[in-house]
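Report on the following structure.
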Amino acid sequence: MPPRAIVLCAATATAFTRPRSVVTRSRPTLHASFDERKEAYLAEPEFDALSLRQWRRETLVRYSNANQSEPIRILLFLLTTLALLGSAQLADALGAPPPEPYAAYLAGGVASAAAFADQRNKRTRRLTKIDRECAVGDLEVTLRPAAAAVFPGLSNKASLKSLRNEARVVAALCPDDASFAAYCQTTKGLRRRLSQSRTLALGVRADGYADSTAAASPARPRALLETFSELLTTDKAWADEFEFDTNKAAWFALSYAGRSVGSGTGAPDLLELLGSLLPPRDFVGPDPPLAGGTPLLDAQKAFYAALTSGDLAAMEALLASSRSERVSSAIDAGARLDPWPSQLRDDARPKDLEVGDADETAFDEDRGMTTCVEETANGATLLAVQSWVNEGGAWKLSAHETIPYAPNSQAGAVLKCDNRGCVALVRRQRGQMRE
């Protein structure tokens with residue numbers, strides 16, 4: 001055969017071979033970022049044999065990382081159940097003597113079956129909780145820096161999932177206008193502290209309304225409302241019988257990893273959360289020191305001057321005529337009230353207290369809030385919040401609260417004061433701090 005013919009045969013040999021089948025799968029394109037492909041992979045459903053249903057792959061991965069031995073224990077209970085209940089048939093098949101006493105084998109099988117069902121149900125509940133945490137990550141939020149009030153184009157949208165390891169989240173369901181307005185006012189007053197904690201505070205009213213001027217708000221308020229609706233009507237961890245339509249507030253908080261660190265019914269106490277479950281990521285000190293410069297900041301500076309010097313007359317001149325409901329509630333619950341003369345005694349007042357990093361928020365002409373960081377003589381840092389009301393053209397202190405404020409610490413007490421004096425409360429643990 002001529003050499004050219006050999007080359008031609010070699011070149012065309014594959015033209016008559018059976019074409020190979022090509023299987024295409026839906027997966028992220030190669031030009032997508034690694035994080036995008038990872039999120040798409042973890043969002044896919046995967047069947048779980050123990051619960052006989054599909055879960056997000058992320059749900060199963062997160063569960064397995066924390067509970068590696070539990071599925072093995074459940075399978076052992078299942079195998080023990082089958083072995084004990086089928087002991088007679090198994091013995092007959094193997095030519096072994098029948099089990100005696102057979103009733104004991106049956107009783108053991110029933111007990112093992114009950115243990116299997118109990119462990120399986122507990123596992124399913126854990127998976128359900130994790131799956132809901134993962135589902136919350138799909139919610140989109142609108143982020144608005146302070147300059148967005150002047151330049152709206154600076155606002156941007158992001159999913160909570162994309163903000164993991166960058167921000168924490170606290171979300172609140174407010175049943176009516178009054179509770180929603182109070183929550184929004186508190187988040188604005190604590191905006192600087194929430195930023196130090198890297199916490200996004202989201203709020204939604206029961207009718208699906210959200211504040212479009214907040215530093216962070218749900219991009220689709222109805223989606224957050226639906227999340228609360230599902231949690232409150234199906235998750236017994238919230239309450240045994242929670243009726244979503246009974247005008248009840250609720251909240252939940254997520255860590256940097258997107259895991260639940262706290263939840264409950266009723267309005268969230270943001271100050272306590274900042275001192276416990278959502279502390280600052282970095283150390284915050286009293287710098288720069290108090291300097292005044294505005295009516296609110298001047299009033300704050302005068303308050304601390306009276307507090308550290310023990311000037312009772314100056315303190316009484318700063319106090320508002322109204323009483324704090326939070327202090328009244330503490331007193332009604334049995335807390336002891338220490339009046340201001342006792343607080344300002346030479347052996348009780350904080351002489352060496354350093355105060356700084358102050359900020360202010362004027363809600364309107366009659367109400368305002370200031371915050372600052374206190375550092376005691378032993379080096380402990382506290383977050384302090386003062387609420388002010390305008391009486392006769394001057395800012396008067398209606399409430400003063402402090403709570404320990406440092407990274408990786410869970411505050412154990414909170415101090416609440418008004419015109420009567422102060423009460424010190426031990427904070428009840430409502431969750432656990434997990435990063």
Side-chain angles (χ1 to χ4, degrees), residues 168 170 172 182-183 185-199 201 251 253 255 261-264 266-287 290 300 303-304 307-308 324-331 333 335-338 343 348-350 352-361 369-388 397-418 420-433 435:
R168 300 161 167 147
V170 58
Y183 176 77
Q185 178 176 294
T186 303
T187 58
K188 288 179 179 178
L190 294 174
R191 182 169 182 160
R192 179 182 180 86
R193 310 309 166 185
L194 290 168
S195 177
Q196 291 173 342
S197 173
R198 302 184 191 177
T199 298
W251 63 275
S255 69
V261 293
S263 62
D269 190 323
L270 291 179
L271 178 60
E272 289 193 20
L273 288 176
L274 287 172
S276 55
L277 303 179
L278 306 171
R281 191 67 183 265
D282 304 310
F283 177 79
V284 180
D287 185 58
L290 297 183
Q300 181 191 52
F303 164 73
Y304 277 103
L307 179 66
T308 55
S324 168
E325 293 183 3
R326 293 163 67 86
V327 175
S328 297
S329 298
I331 295 173
R336 187 185 73 177
L337 175 70
D338 291 326
Q343 293 286 331
R349 59 187 171 86
D352 301 321
L353 190 69
E354 295 185 22
V355 188
D357 192 35
D359 75 319
E360 63 173 336
T361 303
M369 177 185 289
T370 56
T371 73
C372 59
V373 175
E374 303 176 353
E375 184 172 341
T376 61
N378 62 4
T381 53
L382 303 98
L383 172 62
V385 176
Q386 298 87 33
S387 298
W388 303 88
L397 183 70
S398 62
H400 168 70
E401 299 184 47
T402 64
I403 195 167
Y405 192 58
N408 302 319
S409 68
Q410 293 187 286
V414 58
L415 184 72
K416 302 175 184 286
C417 309
D418 67 358
R420 293 167 287 183
C422 301
V423 294
L425 304 175
V426 176
R427 187 187 60 82
R428 184 180 66 181
Q429 182 69 24
R430 303 183 68 180
Q432 65 179 33
M433 184 171 61
E435 301 300 352

Test log, rule side chain to side chain contact (heavy atoms under 4.5 Å, CB included), inputs Glu401 and Arg326
CA-CA 10 Å; Glu401 299 184 47; Arg326 293 163 67 86; 2.7 Å; yes
Who passes ring pair (Phe, Tyr, Trp, His ring centres under 6.0 Å) against Phe303, sequence neighbours left out?
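Scan of Phe303 (ring pair (Phe, Tyr, Trp, His ring centres under 6.0 Å), adjacent residues dropped) gives His400.
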So, do Asp338 and Val423 sit near enough that their side-chain heavy atoms are less than 4.5 Å apart?
no
Which heavy atom in [X] sits nearest to a heavy atom in [Y], and how many Å separate them?
{"X": "Tyr405", "Y": "Pro280", "value": "CE1-CD, 3.4 Å"}
{"X": "Thr308", "Y": "Pro350", "value": "CG2-O, 3.4 Å"}
{"X": "Asp418", "Y": "Ser324", "value": "OD2-N, 3.1 Å"}
{"X": "Ala406", "Y": "Pro279", "value": "O-CB, 3.3 Å"}
{"X": "Ala358", "Y": "Gln300", "value": "CB-OE1, 3.2 Å"}
{"X": "Tyr183", "Y": "Val170", "value": "OH-O, 3.7 Å"}

Point-to-point distance, once rounded to the nearest 0.5 Å, from [atom1] of [X] to [atom2] of [Y]:
{"X": "Leu382", "Y": "Thr402", "atom1": "CG", "atom2": "OG1", "answer": "5.5 Å"}
{"X": "Leu271", "Y": "Thr186", "atom1": "CG", "atom2": "OG1", "answer": "10.0 Å"}
{"X": "Gln386", "Y": "Met369", "atom1": "CD", "atom2": "CE", "answer": "9.5 Å"}
{"X": "Leu337", "Y": "Cys417", "atom1": "CG", "atom2": "SG", "answer": "9.0 Å"}
{"X": "Arg336", "Y": "Ile331", "atom1": "CZ", "atom2": "CD1", "answer": "12.0 Å"}
{"X": "Asp287", "Y": "Asp357", "atom1": "CG", "atom2": "CG", "answer": "8.0 Å"}

Apply the side-chain contact (heavy atoms from CB on, under 4.5 Å) test between Leu274 and each candidate in Thr371, Leu383, Asp269, Ile403; give the one that qualifies.
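With Leu274 as partner, side-chain contact (heavy atoms from CB on, under 4.5 Å) holds for just one option, Leu383.
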Verify side chain to side chain contact (heavy atoms under 4.5 Å, CB included) between Val284 and Thr381, making sure each step is shown before the conclusion.
CA-CA 8 Å; Val284 180; Thr381 53; over 6 Å; no
Could you check Cys372 against Thr370 for side chain to side chain contact (heavy atoms under 4.5 Å, CB included), going step by step and ending with a plain yes or no?
CA-CA 7 Å; Cys372 59; Thr370 56; over 6 Å; no
State whether the side chain of Ser398 and the backbone N or O of Ser387 hold a donor-acceptor pair below 3.5 Å, judged by distance alone.
yes
Give the intermediate values and the outcome of side chain to side chain contact (heavy atoms under 4.5 Å, CB included) for residues Arg193 and Val373.
CA-CA 10 Å; Arg193 310 309 166 185; Val373 175; 3.8 Å; yes
Got a salt bridge between Arg191 and Asp359, using NZ or NE/NH1/NH2 to carboxylate O under 4.0 Å?
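Judged by the 4.0 Å cut-off on N to carboxylate O distance, Arg191 and Asp359 do not form a salt bridge.
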Do Thr361 and Arg192 pair up side chain to side chain, a donor and an acceptor below 3.5 Å, judged on atom types alone?
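No donor-acceptor contact under 3.5 Å links the two side chains.
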